[in-house]
Each structure stands twice: as C-alpha cells, then as structure tokens.
Number of protein chains: 2
Amino acid sequence: MTDDDRVFKALADPSRRFLLDLLFTRDGRTQSELESELEMTRFGVAKHLKVLEEAGLVVVRRSGREKLHFLNPVPIRQIHDRWIDKFTEHQVTALIDLKRQLEEEP
Amino acid sequence: MTDDDRVFKALADPSRRFLLDLLFTRDGRTQSELESELEMTRFGVAKHLKVLEEAGLVVVRRSGREKLHFLNPVPIRQIHDRWIDKFTEHQVTALIDLKRQLEEEP
DNA sequence: TTGACAGGTGACCAAATGGTCACATAACTT
DNA sequence: AAGTTATGTGACCATTTGGTCACCTGTCAA
C-alpha cells in the first residue's frame, strides 16, 4: 500500500475523523482519554488510532505507560496541493469566504 | 450518509483519485475518454464517476449523448480548512516549501 | 430506418473493513 | 510484592466495497 493510500483510507472512516477533530481542538491526549469520547470499546479506538498513526496523520510520543497523540497537518495540506493550484486556491477561498459571509447575515 | 462522509469515501479509492488527477490536468472530458485511461471495464469507471459526482467532487454537464466531467475544488478546500487553521497553514506551507527546495538541490 | 455509439441499471461475487473479545505485557501505586 | 492502570495482539464475524456482466435507453450518422 502506498503512503497516500494509507492517508485516504484512514480519513474514510467517521470515527477516525472524529478523533482528528478531537486532536485539532486539543493535542497531546492519551489513548484512554480519547477512548472516553467514543461510544466504542477501547479496542476499536486503539485500532483506529493505529491506522491514523500509520498514515502519518497522528504522531505519538510515549511517556511512561502512556501514549500521547498529536495531529500532523502535513498530509492534509498535501491532499490540498494535489488538486488545488495557487490560482484555483485564491478563487476557491474567496468563494468559501463569500458563502460564509452570506450565511452569517440575517 | 452525510455529505462529508460521501466525500471521504469517494477519495478512499485509488482509481477515483486517478480520475481526479486526470481531470486536474484537463477538465471537461467525456466518460468514454476517461474509460480509455483506466484498466477496467467501462462499468467500473462509470460507477466510480457516479461516486465522485454524488460526493460533489466532480460536476457534470450533458451535451447530446455525451457527459462532460469537471473537477470541483470546493470539497477539497473544506477538508483542508477542517484541520488546518490560518496559523498552522503558514507553518505547514513553509515546511513543505522548504522540504521541496532541499529535495531539488544537488 | 438501420446501425453504431455513449451511457444507465440491477444482480452478483470475491475481497476488504469495522468492531468485539480473550488473552498478554509493561508501568505506576501503595 | 501485589493490585491496578495503560496499552498491545491475533482471531473472529457481519457488513461494505470494487469490479464484472447481461440487458436497456437515448443520440447521432449514413
């Protein structure tokens, strides 16, 4: 399996995306801390974290018997750069910002 | 199935990513034109294109009996914005640019 | 109008995936 | 030392997914 295949497969599951959301709001959480946020056995969560780690979307640091998890934004940015060039980036960010403004107004 | 689920599931397959790559280099291709690029029956390609279309990653325009396909960058940018804030974006783009420079030099 | 061309539908099967469990190891606490 | 806490492994099963095929509809050209 290629690197990018691992990344996209990892992102394909909603539970794993939720784990990334959790780490986006606050980094450096332990596995058991993350387990408590999902309605799933710890085995399931551990498996998902392993997939995210092998994809490089999450990096870990061991501290004693604990495992701290951190979000790695690099693969996400590479997805972006694969299909959005500099010119298109300006257009699409402007479009998204405009859409957000229109939705905020009454 | 939620919208974002459709997008990530669509991106999880290498054949579908290859189709996006093809449309990134040149937009507006017909289905049969895309079929000729994949080692797969036309049914397989049609199925993949349908998945991409339902995810909003590809938009189509009918022209007679032909179906023209265009890449839509918006969902890709939204993936980016979900896990990369403005501050992190500067850091990670700088990091990727640096990495690219180092790899180019002898 | 007859045939060739572009695309669509539903059934089908092999392979991959998500989730759980029994069992195991290593580190902190008292 | 003994119990508790944090995490790891491999087997297992139900569901989903990728790909193919027989068959069908609509469009263009001679």
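Chain A is the first sequence line, chain B the second, and so forth, proteins listed ahead of strands; every chain is numbered from 1.
Whole-Å rounding puts the B:E54 CD to D:dT17 P distance at 12 Å. A:R17 has its CZ atom 15 Å from the P atom of C:dT17, to the nearest Å. Taking atom NZ of residue B:K50 and atom C1' of nucleotide C:dG10, one finds them 10 Å apart after rounding to whole Å. If you take NZ of A:K67 and C1' of D:dT5, they are 16 Å apart, rounded to a whole angstrom. Between the P atom of C:dG19 and the CG atom of A:L49 lies a distance of 12 Å, rounded to the nearest Å. Taking atom CG on A:L52 and atom C1' on C:dG18, their separation rounds to 14 Å, with Å as the unit. For the pair B:R62 CZ and C:dC5 P, the computed distance is 18 Å after rounding to whole Å. To the nearest angstrom, P of C:dG18 lies 12 Å from CG of A:L11.
Residues B:R6 and B:A55 come closest through the heavy atom pair O-CB, 3.6 Å. B:A12 and A:K9 get closest at one heavy-atom pair: O-CE, 3.8 Å. Across all their heavy atoms, B:E37 and B:F18 have their closest contact at O-CE2, 3.7 Å. A pairwise comparison of heavy atoms in A:E33 and A:T30 identifies N-OG1, 3.1 Å as the closest pair.
No continuous path of hydrophobic side-chain contacts links A:V60 to A:F43 [ILVMFWY only; heavy atoms under 4.5 Å]. Under the 4.5 Å side-chain heavy-atom criterion for grouping Ile, Leu, Val, Met, Phe, Trp and Tyr, B:V51 is not connected to B:L19 through any hydrophobic cluster. B:L57 and B:V59 fall into different hydrophobic clusters, where Ile, Leu, Val, Met, Phe, Trp and Tyr side chains are chained together by heavy-atom contacts under 4.5 Å.
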task: Might you work through the side chain to side chain contact (heavy atoms under 4.5 Å, CB included) test for B:S32 and B:R42, ending with a clear yes or no?
output: CA-CA 8 Å; B:S32 22; B:R42 77 183 175 85; over 6 Å; no
task: Begin with the C-alpha distance, continue with both residues' side-chain angles, and end with the deciding distance and a verdict on side chain to side chain contact (heavy atoms under 4.5 Å, CB included) for B:L102 and B:L98.
output: CA-CA 6 Å; B:L102 292 176; B:L98 176 63; 4.3 Å; yes
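Contacts of residues 23-38 of chain A with DNA chain C (heavy atom under 4.0 Å): none.
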So which protein N/O to nucleotides 26-30 of chain D N/O distances come out below 3.5 Å?
{"from": "D:dT27", "atom 1": "O2", "to": "B:R65", "atom 2": "NH1", "distance (Å)": "3.0"}

With 3.5 Å as the limit, what N/O pairs link the protein to nucleotides 18-23 of chain D?
{"from": "D:dG18", "atom 1": "OP1", "to": "B:R16", "atom 2": "NH2", "distance (Å)": "2.8"}
{"from": "D:dG19", "atom 1": "OP2", "to": "B:H48", "atom 2": "NE2", "distance (Å)": "2.3"}
{"from": "D:dG19", "atom 1": "N7", "to": "B:K47", "atom 2": "NZ", "distance (Å)": "3.1"}
{"from": "D:dG19", "atom 1": "O6", "to": "B:K47", "atom 2": "NZ", "distance (Å)": "2.4"}
{"from": "D:dT20", "atom 1": "OP2", "to": "B:T41", "atom 2": "N", "distance (Å)": "3.0"}
{"from": "D:dT20", "atom 1": "OP2", "to": "B:T41", "atom 2": "OG1", "distance (Å)": "2.9"}

Can you give the donor-acceptor pairs under 3.5 Å from side chains of residues 79-94 of chain B to other protein atoms, not counting sequence neighbours?
{"from": "B:H80", "atom 1": "NE2", "to": "A:R77", "atom 2": "NH1", "distance (Å)": "2.8"}
{"from": "B:D81", "atom 1": "OD1", "to": "B:R77", "atom 2": "NE", "distance (Å)": "3.3"}
{"from": "B:R82", "atom 1": "NE", "to": "A:D21", "atom 2": "OD1", "distance (Å)": "3.0"}
{"from": "B:R82", "atom 1": "NH1", "to": "B:D4", "atom 2": "OD2", "distance (Å)": "3.2"}
{"from": "B:R82", "atom 1": "NH2", "to": "A:D21", "atom 2": "OD2", "distance (Å)": "2.7"}
{"from": "B:W83", "atom 1": "NE1", "to": "A:D21", "atom 2": "OD1", "distance (Å)": "2.8"}
{"from": "B:D85", "atom 1": "OD1", "to": "B:F87", "atom 2": "N", "distance (Å)": "3.3"}
{"from": "B:D85", "atom 1": "OD1", "to": "B:T88", "atom 2": "N", "distance (Å)": "2.8"}
{"from": "B:D85", "atom 1": "OD1", "to": "B:T88", "atom 2": "OG1", "distance (Å)": "2.6"}
{"from": "B:K86", "atom 1": "NZ", "to": "B:E89", "atom 2": "OE1", "distance (Å)": "3.2"}
{"from": "B:E89", "atom 1": "OE2", "to": "A:R77", "atom 2": "NH1", "distance (Å)": "3.1"}
{"from": "B:H90", "atom 1": "ND1", "to": "B:K86", "atom 2": "O", "distance (Å)": "3.4"}
{"from": "B:T93", "atom 1": "OG1", "to": "B:E89", "atom 2": "O", "distance (Å)": "2.8"}
{"from": "B:T93", "atom 1": "OG1", "to": "B:H90", "atom 2": "O", "distance (Å)": "3.1"}

Would you give me the side-chain donor-acceptor pairs under 3.5 Å for residues 62-73 of chain A, sequence neighbours excluded?
{"from": "A:R62", "atom 1": "NH2", "to": "A:R65", "atom 2": "O", "distance (Å)": "3.4"}
{"from": "A:K67", "atom 1": "NZ", "to": "A:E53", "atom 2": "OE1", "distance (Å)": "3.2"}
{"from": "A:H69", "atom 1": "ND1", "to": "A:R29", "atom 2": "O", "distance (Å)": "3.1"}
{"from": "A:H69", "atom 1": "ND1", "to": "A:K67", "atom 2": "O", "distance (Å)": "3.1"}
{"from": "A:N72", "atom 1": "OD1", "to": "A:V74", "atom 2": "N", "distance (Å)": "3.3"}
{"from": "A:N72", "atom 1": "ND2", "to": "A:G56", "atom 2": "O", "distance (Å)": "3.0"}

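A distance of 12.0 Å separates NE2 in B:H48 from CD in B:Q31, rounded to the nearest 0.5 Å.
Helix-axis bend for the helix from C:dT1-D:dA30 to C:dT30-D:dA1: the local axis fitted to the five terminal pairs at one end deviates from that at the other end by 30°, rounded to 10°.
For B:E104 and B:R100, the salt-bridge test fails: no basic side-chain N is under 4.0 Å from an acidic carboxylate O.
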